[in-house]
Structures are given as structure tokens and as C-alpha cells.
Amino acid sequence: MRVSRLFSHTLKELPSEAQVESHRLLIRGGFIQQLAAGLFGYLPLARRVMNKIEAILHEEMQKIGGQEVTMPVILPSDIWKDSGRWYQIGAEMSRFTDRKDHEMCLAMTHEEALTDLARKIVKSYKQLPLLVYHVQTKWRDDPRPRAGLIRVREFTMKDSYSLDTDWEGLDKQYRAHYQAYFNIFHRCGIPVQAVTSDTGMMGGKLAHEFMYLTEIGEDTIITCPSCGYTANRQVAVSRKEPLPGEEPKALEKVHTPGCKTIEDLAAFLSIPREKTAKAVFFMAEIAGTSEETEEKLVMAIVRGDMELNETKLANAVKAKEIRPAREEEIEAVGAVPGFASPRGIKDALVVVDDLIPESSNLVAGANETDYHLVNVNYGRDYQAALVTDLVAAGEGDRCTRCGASLKAAKAVEVGNIFKLGTRYSESMGCVFQDKDGDTKPVIMGSYGIGVGRLMAAVAEEHHDKDGLIWPVSIAPYQVYLIRINDTQDDLPCEKADGLYEELLEQSLEVLYDDRDERPGVKFKDADLIGLPIRLTVSKRSLEAGGVEFSVRGTGEKRVVPLEKVLEEVKETLFTLFQELQAKVVPQEYRD
RNA sequence: CGGGAUGUUGCCUAGUGGCUAAGGCGCCUGCUUUGGGAGCAGGAGAUCGGAGGUUCAAGUCCUCUCAUCCCGACCA
């Protein structure tokens, strides 16, 4: 491809909207154009990167037995009603009616569509196991797209779906994906960590997320440097140390004027925060099987020194959505914000962290302004509907497995794998007959990787002050060939044109900067676009004996005789591929 | 959905109620130049996001609205 014909152009100045480096460089390099919030056009350079990423996805999926399909991008409501998600998912799903007034939606994922295909095709255990996948556009009306391609509304995703007769089969396919995902990310030149995660709207039993660690990430992962425990903060657990046991003492009401926070309270009473119980209120929408959802006030109690994990709470009460409760909603059940206590409230779902029953004589609210209760004991003074782990793990907490100090890090989720189990097969009637003639639901898994997000993550990982540095496996082209024009001498142009033809004949992917521009412009653009190899043909290089050869990111430059350039390019590309391939190794499975 | 910020030509910006909205980049024409975003000359390109209002006078002040970005909520 000649740069003079390329459908894009580079920018000298930083686009003011772009805040993160991957976004800036992809715009400046002429890879993408934004159309609206979370909506992008992908220009030829980006398209080629994504084609290569997709080719890797196809290869790794087919290696583990995947068969490619295409499903509609517009789906009828019926199948979503079958699974129940029509009612569970909110505004993130875009719905509309067709001309016949049928309810439809834009596919935000394809579990239902795939399960529908499977229930029509799979009849017998003899057909299983199966692995079906697709690479398609999905739409999620995210309330807040951000950071360029990291979080968008319309995106291309590789989704695969495994179908098995039993849990052992699922486990096998799940582990196959676990390994395939590491292969994919390593082939794309990006380091990832697999962490256990929340199953979110997918439902199901177990999930891993593949995390690329970066400051711009919006997920937090918790890792143990000692034993290797890693989890998304949404589900991470830490060791909770109970205080030394005490005999329950008599309940006592004390005057605590203006003490609305745990800090105020602990300071006023001169007690450690561990001796207090914190009450946090949420409104939870409990999902039903129909359009009716019940909104209920949830009162969560954790020890004063600990932080509530909202995901754990939402999962504990099986809520579709939770949001902080408003003051009047709290007051409606008889509680007093700032001085709230589970004692004597009505019509609220009380959920207590499992450390609370082991903690005696805590200070809690009195449900009366400016008063708290001292020596509150779970069981004696109040009861809860649920007792479970509600506490957020954080930096410095103790690992539950080995006791070492946990670390927290920011990350971007570039892939996920879910053990769905029978979540969709049961609700949608995707069943098969086993050897004994029994009818059983298919055991399913679902596995996703976002193509654009992966490209952005690679851009985030591989760049320097001058521009992008694409890993050879997904670079839009392999070679950036520069010709430096000379008004006195046609030879550099002729040699460069000739070299371009030769590179093409050898099926090498080359971007040829044939523009009538000054050298500086071409060098800057070459750095910005970030192809692995740069070749420069100029009067100077010819006088020095050939073509200047440099590898992006190394700073190294040397002159290679014209007749050896093709060989040198091939060898270098091979070496670069080898370096990436060296990272594709078996991974230990952790859950 | 809450909080904050910003909308001036394809991009980056100036313009602090007063003449024909200014500059740089990019683009077009010509000349010159050719190893790290050149120079000279000429040119095209804006109903200042939109609507309403205040005023003798609005890019500038007010109201509403739309859009985008950031933080939070949410989410893969």
C-alpha cells in the first residue's frame, strides 16, 4: 500500500478529547475516528490490526475444536423472555419494535441466540461435546463509554459457547479456553493475569477474567504475591480477624451528639473502629421471572473498620440492581440515617457480614438522633435474614490461604470465561437424551474476547513518546518503506520503487511512503504508525551501500546492501515472531 | 442517573459586550528545499453546537436544549 493512497491521515497535534495514550495514538496515527460516544469508525490501519487479531482468534478457537457460526445482530424478545434476561437487564439493552410491532433488541451477547440454535440441533448425547463460536458486532448501551476503545458501546467480540453432556466435559472445555486465551493474548504481545470473577449478568457458576494490568484500568484485582491467589475485587476474599471474645454485656444507650460517621463515633467514645458496627442502606431490585420486580430496602452490617463490597451484597440478596438508598427510604423503615441500627426496624432485609456474629459488644446506632447503643450483640439484640461475607478485600489485607499481605492493582478486562452450567439450557429447554434415554439439559460455557479493546490494550502496552510499536503478529503492515526524494538524482526513487515491488512479490506487507514530503515528516509518521521494520532508501543510504534498516522501538539503525534487504526483512520478522511465540507456553490452571 | 468541564473552519487554539472573528497545523496553486513534522507567495475553508432572551450592539451576558470529555453510580 502506498501512503499517498491510504484512506487516513496522521495528526500532529493531540486530539483534545482523548485522555488515554492508546486513544490518542490510535487517533493521531489515523487508525480510528469517533462518530459519537462509544461509537467508532475503524480505518484501514485499524481494520488490518483487527483482521490479524481475529485471525489469531479463529486459529486458537479452531485448535480447540471450535466451529464458526454467524447469528443475527437483531434478536426477537421471545428468546430473552425464555431465559428471563428480558426482564433482568435494564437500559443497557436497546429494544425496539419492528413494523409488525414485534419486540426486538440489539444483541448485546448471544447466549440466547446460540442456545436457541443448540436446542434445535442437539438431540442426542452422541452429538456432544460441541464448541461453537462467532466473531460479531454487539451493542451495549453503556451509561459511560470511556478511554477510547477501552469501553465502547458497539464492539466486535469473539464469543464461543461450549455444549457438554456433563460437568466434567464443561470443565475440560473451560480449561481448554483458559489455555487458549493465554495463547491468544501472548500471541498478541500482551501480558495478562487470569483472576476469578463475578458472573454478573451472565449468571452461572464460575468465571475467570483475563486482566491486563494498567493504571488506566477500571477494574481492581487483588493478588497474593506469596501463594498466587488472584481475584477481581468484586469477589476477592480476605482473612477477617475476629476480636478476642468477650462476655456479652448489658445493652446501654449513650448520647453521641453529631456522631454521624464511624470516625466521629470512634473518636467521641475513644474506642477503636473495630468495636463498631456500620450500617449501610441500599435499595435492591429483586428480579422476578416476569416484568414485575420488587424493590426492597436492604440494610447491610459490616464491622466499622471494614468496607462493604456492593457486588457481594447484590449477589447475596440476588438483586438485579442495587443503589444507595435515599434518606426518606431509610426513614420509612424506622431507621435514622447516621444513627441507624438493625434493632427495631421493619420491612427491611437485614444482611450481616459473617464476622459480626463473632464480634461481641459492638457500638451501633440507636435509631434515635444523637444516640448510639453500646454492647450490641448479634443474636441477642437482633437477627438477620442472611449472614455472609460482605466485606471488600483491599491492599494490605491478609490472604485467606496463606496469610500474606494482599496487593491491589488496576486492570482492564480483555477476556472472560464463564461456566454457565444449565443457566440457559434449563430456562430455554435446550436438552438432549443421554444413553439411558433420560432427557437432560445441556451443560454450557461461554467465553468472550473484545477485539477492539484488545487492540487498544496492545496500543496501551506497546508505545513510546514517538508513537505505537506494534507486535509483529498484529501490526497492520510489517514494513514501512520510506523513499527520500532527491531533486538532483532520480536513483533513490527508482531503487525505492523497485524495492517496493520486490517486497510485494515476496508477499511481504509493506506500507510505502511515496509521498512528496520532506524526510522528517515521513520519519515521524513511521514512528507514529509503529510498524516493526522501517526501510529507508535515500541518496545517503545508497552511498553508504544500500538501504537503512531499523527495527521500531530498538533505536538501532544499520545499512543493508540492496540485494540482501529481502532476506534481512524475513529473518527479522521471523525472529520477532519467535520472540512472541516463546511466551506461548502451558499455563497452570488456578481457580 | 448525580457532580465537574468543554463546545469558535478537517485538527489545535486566541478572542475578557464594540470595526470585516485572529493565528498555527492540515488542504489547494506556484516557486524553492529534501535525513527527524522546511521556507516564500497566493488561495479555499466558520451562519462561533442549537433555540430563545437581554442590549443601540452578543462568539462574549442570561435561560433552555443538544453533544462530547472527566469523576462517581453502572458495566465486559
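To find a chain, count down the sequence lines: A is the first, B the second, and so on, and within it residues start at 1.
For a distance-only test at 3.5 Å, the side chain of A:Arg28 qualifies as a donor-acceptor partner of the base of B:G37. Side-chain atoms of A:Arg534 and base atoms of B:G36 include a donor and an acceptor less than 3.5 Å apart. Scanning atom types as modelled, one donor and one acceptor separated by under 3.5 angstrom connect the side chain of A:Glu548 and the base of B:G35.
A 3.5 Å limit on both hydrogen-bonding distances identifies B:G72 as the Watson-Crick or G-U partner of B:C1. Nucleotide B:A58 forms no Watson-Crick or G-U wobble pair with any nucleotide shown, as no partner meets the under 3.5 Å limit on both distances. B:C40: Watson-Crick or G-U partner is B:G30, with both key distances under 3.5 Å. Base pairing analysis places B:A51 opposite B:U63; the two distances defining the Watson-Crick or G-U wobble pair are each below 3.5 Å. Pairing for B:C19 is absent, judged as Watson-Crick or G-U wobble with the two contacts each under 3.5 Å. Pairing for B:G35 is absent, judged as Watson-Crick or G-U wobble with the two contacts each under 3.5 Å.
With both ends at atom P, the span from B:U47 to B:G3 equals 33 Å, rounded to whole Å. Taking atom P on both B:C48 and B:C19, the two are 16 Å apart, rounded to the nearest angstrom. When the C1' atom is used for both B:U13 and B:C1, the distance is 34 Å, rounded to whole Å. Taking the P atom of each, B:G50 and B:C56 are spaced 24 Å apart, rounded to whole Å. Taking atom C1' in both B:A21 and B:A58, one finds a spacing of 12 Å when rounded to whole Å. Here, B:G72 and B:U20 have their C1' atoms 47 Å apart, quoted to the whole Å. B:G49 sits 14 Å from B:U9 when the C1' atoms are compared, rounded to a whole Å. Comparing the C1' positions of B:U65 and B:C71 gives a spacing of 24 Å, expressed to the nearest Å.
Looking at heavy-atom distances under 4.0 Å, A:Ala147 makes contact with sugar-phosphate atoms alone, never a base.
Residue A:Lys12 has a polar side-chain atom (N or O) positioned under 4.0 Å from OP1 or OP2 of B:G26. A sub-4.0 Å separation between OP1 or OP2 of B:G35 and a side-chain N or O of A:Ser538 is absent. The phosphate of B:U33 has neither OP1 nor OP2 within less than 4.0 Å of any side-chain N or O from A:Thr487. The phosphate of B:C75 has neither OP1 nor OP2 within less than 4.0 Å of any side-chain N or O from A:Arg151. In this model, the phosphate group of B:A38 is approached by a side-chain N or O of A:Arg518 to a distance below 4.0 Å at OP1 or OP2. Taking side-chain N and O atoms only, A:Arg144 has no distance below 4.0 Å to OP1 or OP2 of B:C1. OP1 or OP2 of B:U33 has not a single side-chain nitrogen or oxygen of A:Gln488 nearer than 4.0 Å. Note on A:Ser541: every side-chain N or O is 4.0 Å or more away from OP1 and OP2 of B:G35.
Cation-pi geometry between A:Arg47 and A:Tyr42 is not met: the NZ or CZ atom fails to fall both under 6.0 Å from the ring centre and inside 45° of the normal.
Across A:Lys557, A:Arg534, A:Arg558, a single residue satisfies side chain to side chain donor-acceptor pair (under 3.5 Å) together with A:Glu548, and that is A:Arg534. Between A:Asp525 and the choices A:Arg518, A:Arg515, A:Arg28, the salt bridge (Lys or Arg N to Asp or Glu O under 4.0 Å) rule is met once, by A:Arg515. For the side chain to side chain donor-acceptor pair (under 3.5 Å) with A:His208, the lone residue among A:Tyr174, A:Tyr181, A:Tyr447, A:Tyr178 that qualifies is A:Tyr174.
Nearest heavy atoms, A:Leu57 versus A:Val451: CD1-CG2, 3.8 Å.
In this structure, the side chain of A:Gln34 engages the main chain of A:Ala36 through a donor-acceptor pair within 3.5 Å.
Side-chain contact between A:Phe418 and A:Glu111 is absent, with no heavy atoms from C-beta onward closer than 4.5 Å.
Toward the 5' end of RNA chain B, the nearer of the two residues A:Gly450 and A:Thr10, judged by each one's closest nucleotide, is A:Thr10.
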